[in-house]
Amino acid sequence: MKDGNNQQKNTTLPSSLDFQDLKVIAPVGRGAKGVVFLTKTGPTGDQSCMALKVISKALIEKKNKEGRGGDGGEYKRVSFEESVLRRLDHALLPRLRGVIETDKILGFGIDYCHGGNLLSLRNKQSEKMFSDDTIRFYAVELVLALEYLHNLGIVYRDLKPDNIMIQQNGHIMLVDFDLSTMLNKKSTKSLSLDSFKSFNLETQKKHARRKKFSFSRFYSCNSGISPCDSDLENQLRLYNNSMSRSEFDSVEKSNSFVGTEEYVAPEIVAGKGHDFSADWWSYGVVLYEMLYGTTPFTGANREETFHRILRKEPELTGEKTALRDLIKRLLEKDPSRRIKVDEIKGHDFFKGVKWDTVLEIARPPYIPANEVGDTVGFSKKDVELFVHGVYFPKSDDAGNEGEKNNKGVEKIESNCENNNNNKKLSHGQTENEEFYIF
């Protein structure tokens with residue numbers, strides 16, 4: 001695999017994991033459908049740390065029944081994430097160390113990152129922002145990670161500081177591929193003008209039929225925003241009219257409406273279809289946040305945030321610098337005019353960077369402490385009960401079974417509280433920014 005800064009070919013296939021061979025230390029984070037546990041694996045005296053992302057099968061079934069996953073869509077997402085992890089072989093991306101499954105949960109084991117995420121690291125800075133040199137270090141590594149994914153045909157679609165982890169050696173690791181997708185190359189025939197016009201017309205018809213459904217994924221009934229809100233409709237019309245129609249792309253576009261609202265690209269908001277350029281927009285938002293300590297388009301609610309993404313220019317206050325120029329070119333509304341990877345690597349902000357050897361010679365600005373506490377550990381049943389309790393806190397399953405689950409969770413939380421080396425994970429939204437967010 002990868003050791004230190006060196007990128008080495010991984011020739012070992014990931015194996016099936018068994019709870020009997022794992023020591024589950026503590027829960028360290030949670031997300032939409034998975035809880036991450038810090039675990040240790042290997043023989044006593046020579047154990048290595050591993051992050052185990054555990055997904056609730058009951059929650060996946062629930063989402064599919066509610067129609068969120070379509071035709072088994074949630075299972076397809078989990079399967080796709082596993083397939084992506086199996087393909088990755090890069091120093092800045094996770095290594096799949098094994099898969100574990102019971103009748104109640106499915107888990108992926110990846111390398112554990114001792115340094116938390118980039119959001120927690122930024123918040124530890126005196127003014128909650130980084131210097132230009134520190135930004136350059138992390139920016140270079142993000143370019144390399146995204147370029148590798150794009151060369152595999154994978155558009156990431158959820159770039160944000162929460163998903164940028166800090167490894168033990170100080171280098172980043174990009175995690176969580178739940179929203180990623182593959183973009184297929186267009187055939188020669190599809191690149192002809194006539195077929196392009198036909199494709200574009202059909203796509204517009206599909207967009208018209210799907211607009212209400214697409215926006216319902218971001219808007220909730222409690223938000224007070226209607227998918228047919230006239231102001232937002234007007235903003236979408238203005239944005240669509242301003243888009244360039246002249247560029248032929250080499251890959252098919254995805255029309256999914258996914259992402260995290262503060263980081264999502266305008267073409268995703270507009271439902272115009274998106275490709276790898278959407279990742280470079282999010283990359284620009286992340287650079288802006290590292291420089292200014294806030295995101296550029298955040299509004300009071302989702303409607304205002306999307307309005308700003310579609311129409312507002314980023315406020316790049318301060319003297320003109322290469323970094324501010326790069327951010328401006330990344331936050332170009334029209335994806336056909338947005339700066340691409342070769343131009344990014346050749347930009348003045350990265351002048352002097354030796355891209356082929358940067359991982360071997362670059363010195364990280366922050367090296368986390370390698371301190372992991374030890375406990376008795378959780379059993380397979382403990383893990384299953386805890387994960388179920390996170391997503392079904394007031395379970396009515398089989399009457400007494402729900403009460404039994406909650407008692408099991410209380411027992412596990414008590415173990416976490418009694419261990420001074422580990423942090424307690426709340427069943428609600430965690431406020432600890434060092435937690436993984438999946």
Side-chain angles (χ1 to χ4, degrees), residues 119 122 127-130 132 135-136 138-139 142-143 146 155-161 215 218-219 225 229-247 249 253 257-350:
L119 177 62
R122 180 180 66 77
E127 296 183 3
K128 299 188 183 299
M129 57 188 75
F130 293 119
D132 283 15
I135 293 173
R136 184 179 293 105
Y138 293 124
L142 284 171
V143 168
L146 290 174
V155 56
Y156 182 61
R157 303 201 298 187
D158 200 21
L159 186 64
K160 55 186 177 181
F215 276 92
F218 265 108
Y219 295 126
I225 306 169
D229 182 271
S230 59
D231 289 339
L232 187 57
E233 290 282 315
N234 290 334
Q235 298 304 324
L236 290 171
R237 194 176 299 110
L238 287 171
Y239 173 79
N240 292 336
N241 290 339
S242 69
M243 290 278 288
S244 169
R245 301 289 188 270
S246 61
E247 184 182 75
D249 297 320
K253 293 182 183 293
F257 196 72
V258 298
T260 301
E261 63 185 70
E262 295 174 58
Y263 303 88
V264 71
E267 60 267 29
I268 295 180
V269 176
K272 295 298 294 181
H274 57 274
D275 55 20
F276 302 122
S277 293
D279 281 345
W280 296 122
W281 169 278
S282 302
Y283 174 71
V285 176
V286 170
L287 296 190
Y288 185 102
E289 185 174 0
M290 286 196 283
L291 178 63
Y292 291 105
T294 185
T295 54
F297 305 109
T298 305
N301 51 45
R302 286 188 175 118
E303 179 189 11
E304 185 178 345
T305 297
F306 289 155
H307 163 76
R308 292 182 175 191
I309 289 172
L310 292 170
R311 304 302 301 170
K312 183 178 178 289
E313 294 300 322
E315 295 180 3
L316 295 164
T317 57
E319 62 178 312
K320 290 185 178 181
T321 63
L323 175 55
R324 289 180 175 86
D325 178 74
L326 175 61
I327 293 172
K328 180 179 179 181
R329 298 181 67 185
L330 288 164
L331 298 181
E332 161 62 51
K333 309 290 186 187
D334 186 343
S336 70
R337 294 197 291 262
R338 192 174 302 147
I339 191 171
K340 304 297 191 295
V341 64
D342 289 338
E343 297 172 280
I344 293 170
K345 294 171 78 171
H347 193 274
D348 283 347
F349 183 61
F350 298 119

A cation-pi test, strictly: NZ or CZ of Arg122 under 6.0 Å from the centre of the six-membered ring of Phe130 and no more than 45 degrees from its axis. Yes or no? no
Are any side-chain N or O atoms of Lys345 and backbone N or O atoms of Lys340, one a donor and one an acceptor, separated by less than 3.5 Å? no
Side chain to side chain, Val264 and Phe306, heavy atoms closer than 4.5 Å: yes
Can you list the residues that meet the side chain to side chain contact (heavy atoms under 4.5 Å, CB included) rule with Lys328, with sequence neighbours excluded? Leu316
Shortest non-hydrogen contact from Ile135 to Phe349? CG2-CZ, 4.3 Å
Ignoring hydrogens and geometry, is there a side-chain-to-backbone donor-acceptor pair from Arg308 to Thr298 under 3.5 Å? yes
Partners meeting ring-ring contact (aromatic ring centres under 6.0 Å, His included) with Trp280 (sequence neighbours left out): His150, Tyr283
Within the structure provided, determine whether Pro296 and Leu331 are in side-chain contact (heavy-atom separation under 4.5 Å). yes
Applying salt bridge (charged side-chain N to carboxylate O under 4.0 Å, His left out), can you list everything that pairs with Glu332, at least two apart in sequence or on another chain? Arg337
Closest contact, heavy atoms only, Arg338 versus Ala278: NH1-N, 3.9 Å
OG (Ser282) and CG (Leu146) are apart, to the nearest 0.5 Å, by 9.0 Å
Hits for side-chain hydrogen bond (donor to acceptor under 3.5 Å, both in side chains) against Thr305, two or more places apart or cross-chain, chain-then-number order -> none
Donor-acceptor pair, side chain of Glu304 and main chain of Ala300, under 3.5 angstrom: yes
N/O donor-acceptor pair under 3.5 Å between Asp279 side chain and Arg157 backbone: yes
Determine, step by step, whether Asp275 and Val155 satisfy the side-chain contact (heavy atoms from CB on, under 4.5 Å) criterion, reporting the C-alpha distance in whole Å, the side-chain angles of both residues, the deciding distance to 0.1 Å, and the verdict. CA-CA 7 Å; Asp275 55 20; Val155 56; over 6 Å; no
Who are the ring-ring contact (aromatic ring centres under 6.0 Å, His included) partners of Tyr263, not counting sequence neighbours? none
Gly259 and Asp158 have their tightest heavy-atom pair at C-OD1, 4.2 Å
Qualifying side-chain hydrogen bond (donor to acceptor under 3.5 Å, both in side chains) pairs with a residue from residues 312-321, counting only residues at least two apart or across chains: Thr321-Arg324
Let's go through Ile309 and Glu261 carefully: what are the C-alpha distance in whole Å and the side-chain angles of both, what is the deciding distance for side-chain contact (heavy atoms from CB on, under 4.5 Å) to 0.1 Å, and is it a yes or a no? CA-CA 9 Å; Ile309 289 172; Glu261 63 185 70; 6.0 Å; no
Parallel, tilted or perpendicular: which describes the rings of Phe297 and Trp281, with under 30° parallel and over 60° perpendicular? parallel
Taking side chain as C-beta onward, heavy atoms only, is Glu262 less than 4.5 Å from Val285? no
Taking ring-ring contact (aromatic ring centres under 6.0 Å, His included) as the definition, give me every residue that meets it alongside Tyr292, ordered by chain and number, with sequence neighbours left out. Tyr288
Asp325 meets the side chain to side chain contact (heavy atoms under 4.5 Å, CB included) criterion, sequence neighbours left out, with Arg329, His347
With salt bridge (Lys or Arg N to Asp or Glu O under 4.0 Å) as the rule and sequence neighbours excluded, what pairs involving residues 290-300 come up? none
Side-chain touch Leu287/Leu291, heavy atoms, less than 4.5 angstrom: no
